[in-house]
Amino acid sequence: MSQDTIRIATWNVNSIKARLPRVVEWLSEASPDVVLLQELKCVDEAFPYMEIEDLGYNVAVKGQKTYNGVAILSKHPIDVDMTELPGDESDEQARYIEAFTAGIRIGGLYLPNGNPVEDGQHPKFLYKLGWMDRLITRAQELLETEEAFVLAGDYNICPTDDDVYDAKAFANDALCRPESRGRYRALCNLGLTDAYRVLNPEPHTYSFWDYQGGAWSRDMGVRIDHLLLSPQAADRLVASSIDRGPRGKEKASDHTPVWCELRTA
DNA sequence: ATGGTAGTCTCACTA
């Protein structure tokens with residue numbers, strides 16, 4: 001007996017233009033229902049709509065020149081609700097897109113890296129923390145609907161020391177700082193579930209490996225790409241995994257896809 | 001080892 005499910009994936013591609021062959025290849029073989037992309041590094045008009053739509057996906061893009069940029073791909077129609085995270089009119093970075101598709105609400109996000117931390121007062125670090133506060137507020141609003149939703153993307157957060165290859169070396173990194181982790185925990189403590197971790201308890205499995213220093217071949221990575229599920233979505237969770245395949249290819253992104261599978265009802 | 005690599009309107013910045 002089979003049951004209806006949808007698979008939702010997140011992947012920071014580090015330039016959709018440079019990564020297009022890898023993305024087309026992976027979509028063709030993995031065929032997820034919904035895909036959240038980050039770091040497009042292109043404006044809306046430069047997105048390769050045709051190549052993606054030819055694979056059977058609808059596309060919603062929030063792009064930006066050179067930096068950032070997020071997209072939602074879906075085999076179902078996409079009803080876009082917002083293309084920026086509420087709470088700061090002056091924030092012009094393309095890091096958030098939220099839509100209803102495939103019967104579920106989905107927020108795709110590219111959370112600021114936040115380095116350098118310096119004394120904890122560097123503008124890049126403070127921007128990260130402020131952005132996380134706004135994400136917590138948005139999650140609270142979504143939770144009031146009591147509906148299934150997914151907030152997924154590149155969180156630029158290692159939730160615990162089990163999610164980084166060298167905890168000591170990263171102790172003062174914005175990915176691991178207590179201010180960053182505290183806000184991630186606050187988000188989870190609202191009632192959101194880390195889809196990968198709840199089904200995969202073994203420590204030291206990663207979603208990002210730096211291009212430098214042979215990090216991939218030495219498995220020196222961090223787990224920073226997450227799918228957080230509302231209680232109603234978590235009740236439907238049947239599987240979640242990290243697909244390491246794309247990271248080992250030529251001209252790979254430094255991130256690899258993470259996905260979860262939810263029952264549709 | 002103040003390095004290393006990749007991407008982008010590059011000689012600088014972001015990650």
Side-chain angles (χ1 to χ4, degrees), chain A residues 10-26 36-48 51 61-71 85 90-96 108-132 135 152-159 163-177 179-181 184 206-226 242 244-258:
Chain A
T10 178
W11 191 9
N12 178 323
V13 292
N14 186 19
S15 169
I16 187 62
K17 189 192 277 183
R19 213 65 58 214
L20 188 57
R22 291 285 81 80
V23 173
V24 167
E25 176 182 61
W26 186 73
L36 309 174
L37 301 178
Q38 302 90 39
E39 276 208 272
L40 304 176
K41 296 189 173 180
C42 70
V43 295
D44 291 9
E45 306 81 61
F47 189 92
E51 291 87 342
V61 175
K62 173 62 172 181
Q64 182 184 331
K65 184 178 165 183
T66 310
Y67 302 116
N68 310 315
V70 289
L85 186 62
S90 68
D91 185 359
E92 296 184 335
Q93 301 191 26
R95 294 180 175 277
Y96 190 78
L109 60 100
Y110 176 41
L111 209 148
N113 176 290
N115 282 308
V117 174
E118 290 187 357
D119 58 356
Q121 299 301 314
H122 192 283
K124 288 184 185 296
F125 188 57
L126 296 177
Y127 174 61
K128 175 178 198 158
L129 300 183
W131 207 95
M132 295 192 78
L135 183 62
D154 177 357
Y155 275 77
N156 269 312
I157 298 280
C158 297
D163 301 302
V164 51
Y165 72 94
D166 186 342
K168 280 184 181 161
F170 273 73
N172 197 41
D173 192 285
L175 307 189
C176 294
R177 281 277 297 216
E179 299 93 326
S180 313
R181 284 180 168 170
Y184 182 84
Y206 309 125
S207 65
F208 166 95
W209 299 260
D210 201 285
Y211 288 122
Q212 303 176 71
W216 166 247
S217 58
R218 300 158 73 181
D219 198 26
M220 297 165 67
V222 290
R223 191 175 70 92
I224 57 176
D225 300 273
H226 309 299
I242 298 172
R244 293 165 57 98
R247 185 61 182 85
K249 305 263 173 133
E250 291 297 310
K251 296 285 287 180
S253 170
D254 39 10
H255 295 250
T256 212
V258 184

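Hydrogens, waters and symmetry mates are skipped; everything else that's a heavy atom, side chains included, is used. Proteins get letters first, then strands, A, B, ... in listed order; numbering begins at 1 in each. The structure displayed is predicted, hence computed values, not measured ones.
Side-chain N/O atoms of A:Arg19 include none lying less than 4.0 angstrom from OP1 or OP2 on B:dA6. Side-chain N/O atoms of A:Thr66 include none lying less than 4.0 angstrom from OP1 or OP2 on B:dG7. Distances shown here put every side-chain N or O of A:Lys251 at or beyond 4.0 Å from the OP1 or OP2 atom of B:dA6.
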Please write out each protein N/O paired with an N/O of nucleotides 11-15 of chain B under 3.5 Å, distance rounded to 0.1 Å.
from: B:dT14; atom 1: OP1; to: A:Lys124; atom 2: NZ; distance (Å): 2.8
from: B:dA15; atom 1: OP1; to: A:Arg95; atom 2: NH2; distance (Å): 3.4

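Annotation: B:dT8 and B:dG3 have their P atoms spaced 25 Å apart (nearest Å). To the nearest whole angstrom, the two P atoms, one in B:dG7 and one in B:dT2, are 26 Å apart. Nucleotides B:dA6 and B:dA1 are separated by 25 Å at their P atoms, to the nearest Å. Rounded to a whole angstrom, the distance from the P atom of B:dC9 to that of B:dT14 is 15 Å.
In this structure, the CG atom of A:Leu40 is 14 Å from the C1' atom of B:dT8, given to the nearest Å. Look at CD on A:Glu250: it is 15 Å from P on B:dT5, rounded to the nearest Å. If you measure from atom CD1 of A:Ile16 to atom C1' of B:dA6, you get 16 Å, rounded to the nearest angstrom. Distance, A:Lys17 NZ to B:dA6 P: 19 Å, rounded to whole Å.
Within the structure, no pair that satisfies the salt bridge (Lys or Arg N to Asp or Glu O under 4.0 Å) test touches residues 111-125 of chain A, not counting sequence neighbours. Among residue pairs with one or both ends in residues 211-225 of chain A, those qualifying as salt bridge (Lys or Arg N to Asp or Glu O under 4.0 Å) are A:Asp163-A:Arg223, A:Asp194-A:Arg223, A:Asp219-A:Arg244; sequence neighbours excluded.
No side-chain N or O of A:Ser15 forms a donor-acceptor pair with one of A:Glu39 less than 3.5 Å apart.
Partners of A:Asp91 by salt bridge (charged side-chain N to carboxylate O under 4.0 Å, His left out), not counting sequence neighbours, listed by chain and number: A:Arg134. Here A:Asn113 pairs with A:Asn115 under the side-chain hydrogen bond (donor to acceptor under 3.5 Å, both in side chains) rule; sequence neighbours left out. A search for ring-ring contact (aromatic ring centres under 6.0 Å, His included) contacts involving A:His226 returns A:Tyr155, A:Tyr184, not counting sequence neighbours.
Residues A:Ala18 and A:Gly213 both approach DNA chain B. Their nearest nucleotides, taken by heavy-atom distance, put A:Gly213 toward the 5′ side.
Under the side chain to side chain donor-acceptor pair (under 3.5 Å) rule, A:Gln38 has a single partner from A:Asn156, A:Thr10, A:Asn68, which is A:Thr10.
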